[in-house]
Amino acid sequence: MSSSEVVLSIRGLSKKYKVPGREVLVLDNISFDVGEEFIAILGPSGCGKSTLLRIIAGVEKPDSGVIEFRIGHEPRIGFVFQSPTLLPWMTVLGNTMLPLLARGVDAGEARERARRALTLVGLGEFEDFYPNELSGGMKQRVNIARALAIEPDILLLDEPFSNLDPLTAETLRSEVVDLWLTGVVPLKAVIMVTHNVEEAVLMSDRIIILSPRPAKIVKEVRIGLKRPRSRKMPEVQALVDEVYSYVS
Amino acid sequence: MLYELAVATLMSLYRMFAAYLLSLFIALFTGIAMARNRAVEAVLLPILDVLQSVPILGFFPIVLVLLVDRLGPGIGGELSAIILIVTSLVWNMIFGVYASVKSLDPSIDLMANVYKLPFPLRLAAVYVPASKTSIISNSIISWAGGWFFLTSAEVISMGSQTYKLVGLGSFIFDATDRGDIQALTAGVTVLFLVILTTYLLLWNPAVVRYTGLKILPGVESSYRAVDRAVASAWRGIVKAMLRLRVKIPGGVAFLTLIPLLPASIWLSGAGAPSFSTWSANLTYYLYMFIENVWVTLIRVYATLLVSLLISLPLSYLSVRSRRVGFIACTAGELLSSVPAVVWWPILLPIAFTYPWFVMFFVYLQGALWYVYFNVMIFGLQYMKKDILELAEIYGVKGSLYFKSIFLPALLPSILAGLLSASGGAWNASIAAEYIAVGGLKIDMGGVGSLIDKLAARGDSAGLLQVALYMSLLIVLLDKLVWSRLFKRLGSRYVVE
Ligand SMILES: Nc1ncnc2c1ncn2[C@@H]1O[C@H](COP(=O)(O)OP(=O)(O)O)[C@@H](O)[C@H]1O
Ligand SMILES: [Mg+2]
């Protein structure tokens, strides 16, 4: 993936939260560009990663700074939440259709597109199931399918594998990377938030490392390694060690 | 007479459904707005708290006179009847929706915001399903309360004027008044049938679903039909709203003010009697109020105690046996819906010798059911299987079981029920302490009786003042005694 063309440009982003009695600075002057690439944003928990993602998704306003999408139209944004966040009273299909209905797609068309997205994550057979009938890994797949259903330009992932058992997490990681590489979804960029160094090295093209709160960009590391990557590869090990040195 | 009765039945049913649908609408919008908007919550929560516990019957003649004055007896009377029924249905429904939406996982909100769900879709996909259980459980209590109030809504007198609306309540009232036993029997029978049918067809299946009690075999298919009809009607509404791309943000804030409508009518009523008559008699009415209030106070708390003594053993038995549970729930729904006007003629024979019994009966009728249903329907839900199994495995039985498992598990429901019941008991004092039907006249003293006598005299200034003093006392008791007690008990016992 080349990062020649800038898809998203973030400049001077700052954000404070007011808590009773004082103000807490969470994001401190964050600037970076996102090309056509898979970016990992790495930082300790509580540093402001989710806040940054919510601001990019447009559901939270920064106190200062600008976010500019350079894709020529209103960006479609898919969001994979940390917990599956499925509505328990709706089937898998209903949950996946929801963002499409919200965009005014008519029900028949929405159903078709949702089915396609579910097939992509391997849940084609489970569309009539209710969330409480699924395993944790399957719920997270629905979460991903729901994000893909709207055919997003940009996919935002908020620690998507942190609540899964290691084995399921590993499988899902490689599936997400495959989705990105094969281009079955017209994604321009992926931004994944994580506090897991290995995950960032294994999956992304570039890692942006944030400091503890208030989050500042400490370092950017380009991961030029070929895919598929595995933990055991010495190049991966070396990069993991390097990134750890910036984190601590 | 048959024709008359049929018309009366249809009119009463229409009034109930109109009031119920209106309440549902108000409950949804107000509950959601309160849960989602801090400003709305801060303003409405205390106001609704007061409105819920205030004796609405006391203010009602004033509302009626005002509406009839401005809109004529036809529309005005109809409107005031529906408003009265709504005021007996809506409060617990609002609180139910509010609590359900408020306790939604915040990440669901994030999801709804990220995918920019428009308001109709949010309503249909998130808020309504999230509050469905509490809407249904609260509807059951409300529906019974609505029938109870129906007769008071259909026959109202203020001074020399009496307004009657065509309906089952006024039909039974007239029959009693004329001493027409045949008409009375027919009216009461039809009323029972209507109440029982609506309960069995609409609510019992829902109760079954949430309490795990047994369902009647024939009823299930009718319930499915209702369920399907409601679901498809709802889908239709949502689809239409989505197609129109309704934008309601400004509107929602406005809609939340609907429950304040009765309040504003009362306030405009307060302005009606001239101010000088007000202040002149201020001490006069205050003295009357103080003189009468203590008997009512004692009766209210005695009623609450008896309500507990009836409800707790029954729910204890319901946990043990499904059959008892089913009978207790159905009997409760039926009995709780029976309006006071039906009880009077039934109780007539003993009314002369034991008037206090009749009074107490009406008191109970207005209060018991809040405790009863809260404990039976909400409470039993908390008697989760794992807790019961735990008790069985460790052989916890008898008084230890009652004290260490049963009571703590039910406590939140008991407290919620008592709070509503205290409002209900104060309200019932107006119907209980002064009864005048046909040749029967019982005056047991107390504030409720005072309010009735003031209304009969057409003394609206006095009526309003006494009702306001009563409301003030109730709110003070709530804030100073009850809510503190509840907080202490609640934090000690509430089980997760
Ligand atoms: N709505 C909010 N109000 C106040 N403080 C918040 C809010 N959201 C997040 N915070 C605070 O901002 C900081 C960063 O939160 P978050 O972005 O969730 O961190 P991360 O995702 O990196 O763990 C935390 O200290 C958190 O407590
Ligand atoms: Mg986070």
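As a basis for the values below, the full set of heavy atoms in this structure was taken, side chains included, without hydrogen atoms, waters or symmetry mates. Order of the sequence lines fixes the chain letters, A, B, ..., with proteins taken first and strands second; residue numbering starts at 1 for each chain.
- Using a 4.5 Å cut-off on side-chain heavy atoms (C-beta onward), B/Met111 and A/Leu86 make no contact.
- Counted within 6.0 Å of CD on A/Glu74, heavy atoms from surrounding residues, nucleotides or ligands total 12 or fewer; the atom is thus considered open.
- For A/Arg54, the part sitting under 4.5 Å from any heavy atom of chain B is the side chain, from C-beta outward, and nothing else.
- Interface residue A/Thr85: backbone and side-chain heavy atoms are both found under 4.5 Å from chain B.
- Heavy atoms of B/Ala130 lying under 4.5 Å from chain A belong to its backbone as well as its side chain.
- Residues B/Tyr115 and A/Ala147 come closest through the heavy atom pair OH-CA, 3.3 Å.
- Using a 4.5 Å cut-off between heavy atoms, A/Phe81 contacts chain B through its side chain alone, with no backbone atom that close.
- Ranked by heavy-atom pairs under 4.5 Å with chain B, the first of A/Glu60, A/Arg146, A/Arg76, A/Gln82 is A/Arg146.
- With a 4.5 Å cut-off on non-hydrogen atoms, B/Leu104 touches chain A through its side chain but not through its backbone.
- Looking at B/Leu121, only its side chain comes within 4.5 Å of chain A, counting heavy atoms on both sides.
- The number of heavy-atom neighbours closer than 6.0 Å to NZ of A/Lys16, taken from other residues, nucleotides and ligands shown, is 12 or below.
- A heavy-atom distance below 4.5 Å is found between the side chains of B/Leu117 and A/Leu98.
- Without hydrogens or angle criteria, A/Trp89 side chain to B/Lys132 main chain gives no donor-acceptor distance under 3.5 Å.
- For a residue to count as touching a neighbouring chain, one of its non-hydrogen atoms must lie under 4.5 Å from one of that chain's; by this rule A/Leu156 does not touch chain B.
- Nearest heavy-atom pair, A/Met90 versus B/Ala125, reported as atom, atom and distance to 0.1 Å: CE-CB, 3.5 Å.
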